[in-house]
Amino acid sequence: MRILHLEDSDLDAELIEAELDGLGHPVVIERVMTRDAFAAAARPGRCDIILADYVLPTFDGVSALGIAREQCPEVPFIFCSGTLGEDVAVEALKNGATDYVTKQRLDRMPRTVVRALAEARAKRDKAAAEAALQAVNETLEARIAERTQELAEANAALQAQIAERERAEDALRLAQRLEAVGQLTSGVAHDFNNLLTVIAGNIEFLERAVSDERSKRRLDMMRGAAERGARLTAQLLAFSRRQRLVPAPVNLNQTVASMQDLLQSSIGGAVHIETALQTDLWHALVDPTQIELVILNLAINARDAMAVGGRLAIETANATVTESPTRPELPAPGEYAMIAVSDSGTGMTPEVLARVFEPFFTTKEVGKGSGLGLAQVFGFVKQSGGGIRIDTVVGEGTSIKVYLPRAEPREDTVAASDADTAQVHRAGNAPTLLVVDDDGGVREVSATRLSEAGYHVREAASGLQALAALEADPSVDLVVIDFAMPGMNGAQTAAEIRKRWPSIPILFVTGFADTSALAQAGSAGADAIVQKPFRVGELERKVTAALATRAGPNLRLVSGRAHGS
């Protein structure tokens, strides 16, 4: 409670302050003795209550009351004087004082202050209620009209939600059907690859033992059939998104230019090919070999949909998608390098469009298509993080736009190796650490401290992201991982890392006081655990100690900081 006290007597001020201790909660008293000091202090928001003596050597309480009523009329004003008679007190109350207390009865001060504050609060509440009621009355008609408009808008939004829900249910059913078919084809492709491996291997063995030409020709036919089967299973794996991809920044303009001769020979001279390539096209992060197969598949499908003398157009452009996808094949919001293959063919009916990506579905004659071309395109593009949009008109033609994730031109993409490359330190560089924490703030602190300590730091926001990062580039010298994370926690993530990359040491970070759970998770004593909040130098020291356990000829530790030799 903030009290402004106008009092010239030190003794009286101490007695009054002593009585105010009986209020039961902290009190801050600002004492003044002159007109100027009082006028400066009596401001709105500066105090909660004013106590004033009636007679002062150079000032008087009546003048103080006038200043207070003018500058802060809502603040309660209580006279406290030893010379205040009943007549004077009544006159003071008429002039706007809240109450009065004689210095002979200072024991009444706490009750008087509490009552004055309660009355002031009641006045404020009443004034606010009256103002609110007045505002309601003034705006009632407008509010009714506004509410009517809100109800109309809510009804329209409800209708839109119903339509959106029906559309989402249709999209979900399509996605579930594609997913179910994908799981089936993935299992079939896996089993077939096992069978083809046995067949192709034994053909190779037999070729070494067979000498007559007739048997060799038969083996050649068998090997060719096995190779075609392998290509079919590769298409099935592409649809089910199980193929191995090596993404790298690709200039789609250069890809199209390099395929001109191949495209022309594949679709024949009767079809005219046109290209419209954007000059400042973004690079696409995609597997270079697979994108060539995608373009070739789309071109062949376009050729089959056209009569002799048709037109095939290939276009590239930068595309920014802002709308959420309404079908499984559409791209999510983001930036993409887009390539479109358009034809002047027969187009697709809605029934065909609904099933166009299903494997083995085809409208071509028997023997002229496997029904896996667009299924392969769909799987590859979705696995690459992109999407597809089909615009088609029956009798006029079809345009298939493929959206591929944007990549910076200087981005380096290195093919993953099956070997555990984490044991090899990259010469000339400081050790690389992977910091895993679902809390962005804590992760930033850890990463900053370790970066400043001279390490190369990579970050992951979850256990799954950490595993994905290691899959993409396992050249990590130490994993610093939070123990308590949603989904896959630190212990589960650490177990998976130890299983896949056993040579990578792990340092746990935890906010738990009890480290027994961490010990059960496989942490090697206190040196493998860093408690939150970090003590000065503890994180860096334990990182250095953990790195020392795997230091090799290409790594040395100097002054508590790791450096490449």
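Residue numbers run from 1 in the order of the sequence given. Values below: all heavy atoms of this structure, side chains included; hydrogens, waters and symmetry mates excluded.
Between Ile497 and Leu467 the shortest side-chain heavy-atom distance falls below 4.5 Å. The shortest distance between side-chain heavy atoms of Val286 and Val294 does not fall below 4.5 Å. Residues Asn318 and Leu281 have side chains in contact (heavy-atom distance under 4.5 Å, counting atoms from C-beta outward). Two residues are said to be in side-chain contact when any heavy atoms from C-beta on lie closer than 4.5 Å; Ser344 and Met306 meet this criterion. The side-chain heavy atoms of Thr448 and Glu444, taken from C-beta on, include a pair separated by under 4.5 Å. When side chains are defined from C-beta on, Gln278 does not count as touching Met338, because their heavy atoms never get closer than 4.5 Å.
Taking CH2 from Trp501 and CD1 from Ile506, the interatomic distance works out to 10.0 Å, rounded to the nearest 0.5 Å. Atom-to-atom distance recorded for Ile504:CD1 and Leu433:CG is 11.0 Å, nearest 0.5 angstrom. A distance of 9.5 Å separates CD1 of Ile388 from CG of Leu330, quoted to the nearest 0.5 Å. If you take NZ on Lys401 and CG on Leu298, they are separated by 13.5 Å, rounding to the nearest 0.5 Å. The CG atom of Asp220 lies 9.5 Å from the CZ atom of Arg217; values are rounded to the nearest 0.5 Å. Here the CG-CZ distance, from Leu263 to Arg303, works out to 11.0 Å after rounding to the nearest 0.5 Å.
Using a distance-only test at 3.5 Å, with no hydrogens or angles considered, a donor-acceptor pair links the side chain of Arg458 to the main chain of Asp473. Between the side chain of Arg443 and the backbone N or O of Asp437, at least one donor-acceptor pair lies under 3.5 Å. Between the Glu496 side chain and the Thr493 main chain, no donor and acceptor come within less than 3.5 Å of each other. Counting only distance, with no hydrogens or angles, the side chain of Glu292 and the backbone of Met259 share no donor-acceptor pair below 3.5 Å. Checked by atom type and distance alone, the side chain of Asn253 never pairs as donor or acceptor with a backbone atom of Thr279 at under 3.5 Å.
Heavy atoms only, all atoms of each residue included: Val436 and Ser462 are closest at CG1-O, 3.5 Å. What you find for Leu312 and Ala299 is that their closest heavy atoms are CD1-O, 3.7 Å. Across all non-hydrogen atoms, the minimal contact from Ala337 to Trp282 is CB-O, 3.5 Å. Summarising the geometry of Leu478 relative to Pro505, their closest heavy-atom pair is CD1-O, 3.3 Å, with the distance given to 0.1 Å. Smallest separation of non-hydrogen atoms from Thr432 and Asp477: N-OD2, 2.6 Å. Taking each heavy atom of Pro288 and Val250 in turn, the nearest pair found is CG-CG2, 3.8 Å.
With a 6.0 Å radius and a threshold of 12 heavy atoms from other residues, nucleotides or ligands, Glu323 has its CD atom at or below the threshold. In this structure, Asp261 places its CG atom where only 12 or fewer heavy-atom neighbours from other residues, nucleotides or ligands lie under 6.0 Å away.
Of the residues listed (Asn251, Thr255, Thr275, Leu277), the one engaging Thr316 in a side-chain contact (heavy atoms from CB on, under 4.5 Å) is Leu277, and it is the only one.
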message = For Gln149 and Glu153: C-alpha separation, side-chain torsions, deciding distance, then whether side chain to side chain donor-acceptor pair (under 3.5 Å) applies.
response = CA-CA 6 Å; Gln149 178 65 24; Glu153 293 176 354; 3.1 Å; yes

